[in-house]
Amino acid sequence: MASKNDTIGKTFTVVILLCLVCSIIVAGSAVGLKERQEANAALAKQANILTTAGISFAGRGAEAVFADRVNVFTYNRETGEITRYDSMIAMESAMADIRSQSVASDEDVAGVRSIRPELPVFEIRDENGDVQTYVLDVRGAGLWGMMYAFLAIESDGQTIRGLNFYEHAETPGLGGEIQNPRWAGRFEGKKAVTENGDVAIRVTKGANPEQNEVDALSGATITSNGVDRTFQFWLSGNAYGSFLTKLREEGAI
């Protein structure tokens, strides 16, 4: 014979109370860990930026080297205005308040859909304090999703120093090879743009290295095309094009 306490109503009450307690615990953990998660994300980003620029942080750590060697600012692609920040977190906080603008479909070759008027730039200095490289934040659509990368351009506003796809969803062993240092290394020393500002770097099958081309990944045509279109968009006047022109005409900023 069932106990008087074994009622459907009491069972639901216990279940609801248990769910509430678990929700409170999960929510509290999320809030408590948010600051640490943001710090870890910032540290990973700093490490990727330094790696793209070819800066070693072994021994000292990415955070310390980043603080010594990197200046952070945004470039307004519409006005040419430069706004400097004390830290990457300060810059990202300010950019969060800037509304993104839709990209016209006929110009959106990289599938970015929207872009802010102010673009992040990471200015890398050498051990003597002289500007060495500028790291640009770029992205483009691949086969399975958006591919995020840092592109390092030397202070001449033309020469590629490094490329680092730090986040993507491409197929391992095929499109996922965009993250392979051996393939990314093929871009080093090539021209990002011409003296006139036209996009010079290309990713194509049967590439001719002497023509400023990099061979597409075998079996990953869509991914390779996505990388090529990423360059076509972000190095053009739609994004960092006028910034690179400023570098070529005026030198290090």
Side-chain angles (χ1 to χ4, degrees), residues 45 48-49 52-53 70-86 88 90-125 130-141 146-166 187-203 212-214 226-253:
K45 192 167 187 177
N48 280 313
I49 291 169
T52 306
V70 184
N71 292 326
V72 179
F73 64 84
T74 56
Y75 174 79
N76 190 304
R77 58 190 174 84
E78 298 175 343
T79 66
E81 180 182 3
I82 289 176
T83 304
R84 294 188 178 273
Y85 296 91
D86 293 334
M88 184 172 64
M91 180 194 71
E92 292 180 340
S93 177
M95 288 188 66
D97 296 328
I98 301 173
R99 185 174 181 179
S100 295
Q101 301 171 347
S102 297
V103 179
S105 58
D106 59 335
E107 298 176 344
D108 192 14
V109 295
V112 299
R113 298 186 179 180
S114 64
I115 183 174
R116 290 185 175 92
E118 295 194 14
L119 305 175
V121 179
F122 303 93
E123 182 183 71
I124 315 297
R125 293 165 289 157
D130 298 322
V131 177
Q132 181 183 56
T133 315
Y134 292 92
V135 175
L136 314 180
D137 196 347
V138 305
R139 68 184 189 276
M146 197 62 67
M147 304 178 294
Y148 298 88
F150 288 122
L151 175 65
I153 304 290
E154 293 187 7
S155 57
D156 62 3
Q158 279 190 288
T159 309
I160 296 175
R161 186 177 182 85
L163 174 66
N164 177 16
F165 279 93
Y166 62 90
F187 292 88
E188 296 176 12
K190 296 193 179 301
K191 298 297 182 183
V193 294
T194 66
E195 286 287 351
N196 296 324
D198 297 324
V199 180
I201 186 67
R202 297 305 305 263
V203 179
N212 212 63
E213 298 174 345
V214 172
V227 174
D228 184 68
R229 290 167 183 162
T230 296
F231 288 131
Q232 300 307 308
F233 179 84
W234 289 96
L235 297 175
S236 72
N238 291 311
Y240 287 105
S242 59
F243 172 72
L244 297 179
T245 297
K246 190 178 184 71
L247 290 181
R248 293 193 304 279
E249 295 178 351
E250 302 177 14
I253 294 173

Before giving the answer on side-chain contact (heavy atoms from CB on, under 4.5 Å), spell out for F231 and R202 the whole-Å C-alpha distance, their side-chain angles and the decisive distance to 0.1 Å. CA-CA 8 Å; F231 288 131; R202 297 305 305 263; over 6 Å; no

Rounded to the nearest 0.5 Å, what's the gap from CG on L119 to CD1 on I98? Could you check? 9.5 Å

Check I153 against A192 and note the closest heavy-atom contact, atom names and distance. CD1-CB, 3.7 Å

Relative to each other, are the rings of F73 and Y134 parallel, tilted or perpendicular (30° and 60° limits)? perpendicular

Supply the atom-to-atom distance N48 CG to F122 CZ, rounded to the nearest 0.5 angstrom. 10.5 Å

Over all atoms of both residues, closest heavy-atom pair of M147 and V227: CE-N, 3.8 Å

Report the distance from atom CD1 of I124 to atom OG of S155, rounding to the nearest 0.5 Å. 12.0 Å

CZ/R77 to CD/Q101 distance, rounded to the nearest 0.5 angstrom? 5.0 Å

How close do A53 and V135 get, heavy atom to heavy atom, and via which atoms? CB-CG2, 4.1 Å

Using the salt bridge (charged side-chain N to carboxylate O under 4.0 Å, His left out) rule, collect all pairs that involve residues 90-105, keeping only residues at least two apart or in two chains. K45-E92

Please confirm whether the ring centroid of Y240 lies under 6.0 Å from the ring centroid of Y75. no

What's the spacing between F165 CZ and F150 CZ if we round to 0.5 Å? 12.0 Å

Has the side chain of D108 got a donor or acceptor atom that lies under 3.5 Å from a matching backbone atom of V103? no

Could you tell me if N71 and E123 have a donor-acceptor pair between their side chains, going purely by distance under 3.5 Å? yes

Looking only at heavy atoms, what is the nearest atom pair of T194 and Q158, with distance? C-NE2, 3.4 Å

Considering all heavy atoms, the nearest F233-E107 contact: CD1-O, 3.5 Å

Output for pair (I160 CD1, L151 CG), nearest 0.5 Å, gives 5.5 Å

Side chain of R116, backbone of M95: donor and acceptor closer than 3.5 Å? yes

Please report the C-alpha distance between W234 and L136 in whole Å, then the side-chain angles of each, then the deciding distance to 0.1 Å, and finally whether the side-chain contact (heavy atoms from CB on, under 4.5 Å) criterion is met. CA-CA 9 Å; W234 289 96; L136 314 180; over 6 Å; no

What are the two closest non-hydrogen atoms of V109 and Q232, and how far apart are they? CG2-CB, 4.2 Å

Sequence neighbours excluded and cut-off under 3.5 Å, please list the side-chain donor-acceptor pairs for residues 246-253, or say none.
residue	atom	partner	partner atom	Å
R248	NH1	L244	O	3.3
R248	NH2	T245	OG1	3.0

Quick one, E118 and T79 - any side-chain contact, counting heavy atoms below 4.5 Å? no

A quick test of your reading: do over 12 heavy atoms of other residues, nucleotides or ligands sit less than 6.0 Å from CG of D130? yes

Taking everything shown except R84 itself, do over 12 heavy atoms lie less than 6.0 Å from its CZ? yes

Measure the shortest side-chain to side-chain distance between M88 and V70 over non-hydrogen atoms and say whether it is less than 4.5 angstrom. no

